[in-house]
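Have a look at the structure below before the remarks.
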Amino acid sequence: MTTESTVRTRFAPSPTGFMHVGNLRTALYEYLIARSLGGRFLLRIEDTDRERLVDGAVEAVYRTLERVGFRHDEGPDVGGDYGPYVQSERLHLYRPFAEQLVTTGHAYRCFCTKERLESLRAPAAAEDEGGAGGSSVSGFPGGYDRHCRELSEAEVRRLLDAGAPFVIRQKMPLAGSTVFEDAVYGSISVANEELEDQVLLKSDGFPTYNFANVVDDHLMAVTHVVRGSEYLSSTPKYQLLYEAFDWKPPVYVHLPVVNGADGKKLSKRHGAVSFEALVDEGYLPEAIVNYIALLGWSPGGTRELFTLDELCEVFRIDGIGRSPAVFDYDRLRWFNGEYLRKMAPEAFLAVAAPWLADALPGGGAGLDLGRLAGALQPRVTQMTQIPGLVSFFRELPEYGIGLYSNEKMKTDPALAAEMLGKAEQELAGLGEWTHDALHAALTGLAQREGRKNGQVMWPVRIAASGTEVTPGGAIEILSVLGRDESLRRIAAGRRKLQEALGR
RNA sequence: GCCCCCAUCGUCUAGCGGCCUAGGACACCGGCCUUUCAAGCCGGCAGCACGGAUUCGAAUUCCGUUGGGGGCACCA
């Protein structure tokens with residue numbers, strides 16, 4: 001339930017695409033602020049931009065929140081006392097508020113046409129060709145010259161009667177400055193003359209984001225407005241809106257942006273950036289959340305592995321940093337490895353299964369997948385690595401006898417040929433093809449021959465895999481490969497060596 | 001161009017005037033372990049952007065410079 005003092009945060013995505021990790025992080029912090037303060041977390045869909053709507057985007061939001069465990073207390077799907085939670089269903093709410101501001105002198109009707117607005121900007125753009133393409137060059141913030149700001153009542157009446165289309169613009173103070181307090185950036189002050197008379201209500205009657213946002217946040221009793229720092233520069237306008245309505249402003253929590261490795265805004269060219277794309281690339285939701293929590297926020301100590309519940313307990317707003325952070329895939333991968341290794345073997349097998357099925361002969365049927373997963377689990381940091389690691393099971397790759405030489409193991413082709421021959425005989429008579437039996441047979445062979453384990457194991461592993469580096473050692477590979485295929489490969493290795501050695 | 005913000009190892013960060021010869025983590029490089037490689041353990045490399053000021057004392061405060069990011073729509 002909600003009382004006067006209940007903290008309320010909201011995640012307000014616009015369904016224009018898939019869930020970007022930057023948005024996911026914003027949602028996470030909103031969730032954590034609510035949970036850590038005993039508050040409520042709500043979901044609001046901001047779909048007022050009909051042109052940019054993307055099919056399936058709302059579903060992606062639900063799916064992602066679900067997958068990641070940010071449970072919202074209120075929202076379009078779960079209801080709540082402050083609905084509707086979809087902006088397009090709230091359209092009737094905004095106009096009265098805009099009209100109220102016109103009445104109180106905080107806003108005015110503007111009848112300027114799009115053409116006039118463009119002509120205001122065009123000459124300015126030409127002036128600084130090759131430049132930043134700024135629009136305040138015209139001498140007015142935002143490029144609008146406040147043409148309709150002081151229209152007489154009679155003139156307004158005339159235009160209205162003539163049915164001229166109009167927008168409602170916010171009337172910014174011309175002097176002084178506006179100050180607001182941000183929970184992470186501190187006190188920020190902007191000269192009012194820098195503020196544009198922004199549009200509140202479009203000529204089609206729809207509110208702009210800037211307006212709907214403030215109205216909705218107030219109506220929904222949102223106490224902490226959390227968003228990316230790209231909104232920092234428009235916050236003074238929101239602040240003025242709150243003041244004009246005489247509403248209590250929320251606590252502003254602006255988050256540092258997330259950049260790519262080149263310091264530019266994180267985008268597809270940096271790699272996977274949507275939550276689902278990351279999952280498809282073999283990152284676990286828990287790892288993504290843990291990693292992202294620490295991108296721009298710090299618990300203060302040196303601990304860095306936290307479950308979502310643990311984050312809820314230790315999260316504090318003042319741990320949020322101010323400088324932009326770079327999304328580092330290497331670090332994400334490390335977190336992923338940590339979570340992968342911590343999983344119960346069966347759980348790991350479950351997430352690895354689809355990757356294995358794709359890469360193994362017959363989809364892995366008949367193979368000891370549990371054993372294979374066991375070998376993979378401590379070695380994998382990203383599921384995409386699996387196919388490459390196990391491809392030799394499907395087919396023995398072409399390999400040169402150089403692989404049989406290893407300085408550290410003290411092996412060379414001649415020794416390998418000998419050991420392979422003996423291993424072949426030893427294993428052919430093996431009663432049961434189990435991990436323990438294989439281990440006993442091979443180490444026993446090494447002992448009898450007066451060799452180091454590696455001098456037997458290395459050649460056998462190479463023959464069985466044709467691969468220099470494999471997940472697991474000779475015994476794991478043999479046991480997964482099975483008797484027939486193992487013996488076939490060992491024999492093939494032996495013959496390959498004998499041919500090469502001229503014997 | 002104008003406005004706002006930011007600035008500790010390559011990256012994520014701790015630090016909130018003395019505990020800092022700046023701590024942790026990723027990555028990287030060594031070593032140990034070992035039937036390969038990983039994992040694990042041990043060790044190493046590497047940073048307070050610059051210049052002033054305040055102070056007995058500055059990574060920590062102030063000013064400036066430089067660099068970076070963001071904003072400047074009838075988009076959100």
For Tyr399(A), all residues meeting ring-ring contact (aromatic ring centres under 6.0 Å, His included), sequence neighbours excluded:
Tyr404(A)
Tabulated below should be each protein N or O lying under 3.5 Å from an N or O of nucleotides 12-16 of chain B; please produce it.
| residue | atom | partner | partner atom | Å |
| --- | --- | --- | --- | --- |
| C12(B) | OP1 | Val326(A) | N | 2.9 |
| C12(B) | O2' | Leu294(A) | O | 3.0 |
| U13(B) | OP1 | Gly296(A) | N | 2.5 |
| A14(B) | O2' | Gly300(A) | O | 3.2 |

Check ring-ring contact (aromatic ring centres under 6.0 Å, His included) between Tyr238(A) and all other residues, then give those that pass, not counting sequence neighbours.
none
Throw together a table of side-chain donor-acceptor distances under 3.5 angstrom for residues 91-98 of chain A, partners on residues two or more places apart or in other chains.
| residue | atom | partner | partner atom | Å |
| --- | --- | --- | --- | --- |
| Tyr94(A) | OH | Asp216(A) | OD1 | 2.9 |
| Tyr94(A) | OH | Asp216(A) | OD2 | 2.8 |

With a cut-off of 3.5 Å and sequence neighbours excluded, list every side-chain donor-acceptor pair involving residues 445-454 of chain A.
| residue | atom | partner | partner atom | Å |
| --- | --- | --- | --- | --- |
| Arg448(A) | NH2 | Glu426(A) | OE1 | 3.2 |
| Arg448(A) | NH2 | Glu426(A) | OE2 | 3.2 |
| Glu449(A) | OE1 | Lys422(A) | NZ | 3.3 |

Residues at least two apart in sequence or cross-chain that pass ring-ring contact (aromatic ring centres under 6.0 Å, His included) with Tyr108(A), listed by chain then number, are none
Is there a residue in residues 205-217 of chain A whose heavy atoms reach under 4.0 Å of RNA chain B, and which residues are they?
Thr208(A), Tyr209(A), Asn210(A)
Let me spell it out: for each of Ser203(A) and Lys408(A), pick the nucleotide of RNA chain B with the closest heavy atom. Which residue's pick is nearer the 5' end?
Lys408(A)
Mind listing the side-chain donor-acceptor pairs of residues 164-173 of chain A below 3.5 Å, one per line with the distance, residues two or more places apart or on another chain?
| residue | atom | partner | partner atom | Å |
| --- | --- | --- | --- | --- |
| Arg169(A) | NE | Asp197(A) | O | 2.8 |
| Gln170(A) | OE1 | Gln198(A) | NE2 | 2.7 |
| Gln170(A) | NE2 | Lys237(A) | O | 3.2 |

Could you note down all residue pairs passing ring-ring contact (aromatic ring centres under 6.0 Å, His included) where residues 168-213 of chain A supplies at least one of them, sequence neighbours left out?
Phe180(A)-Tyr252(A), Tyr209(A)-Tyr231(A)
With the criterion being N/O to N/O and under 3.5 Å, what pairs connect the protein with nucleotides 39-41 of chain B, and how long is each?
| residue | atom | partner | partner atom | Å |
| --- | --- | --- | --- | --- |
| A39(B) | O4' | Pro378(A) | O | 3.3 |
| A39(B) | O3' | Arg341(A) | NH1 | 3.4 |
| G40(B) | OP1 | Arg341(A) | NH1 | 3.4 |

Whether Tyr231(A) stacks on the six-membered ring of A76(B) base, 5.5 Å and 30° limits:
yes
Classify the ring geometry of His439(A) against His435(A): parallel below 30°, tilted from 30° to 60°, perpendicular beyond 60°.
parallel
Sequence neighbours excluded, which residues qualify as ring-ring contact (aromatic ring centres under 6.0 Å, His included) partners of Phe393(A)?
none
Residue pairs, two or more places apart or on separate chains, that pass salt bridge (Lys or Arg N to Asp or Glu O under 4.0 Å) and touch residues 259-268 of chain A
Asp262(A)-Arg269(A)
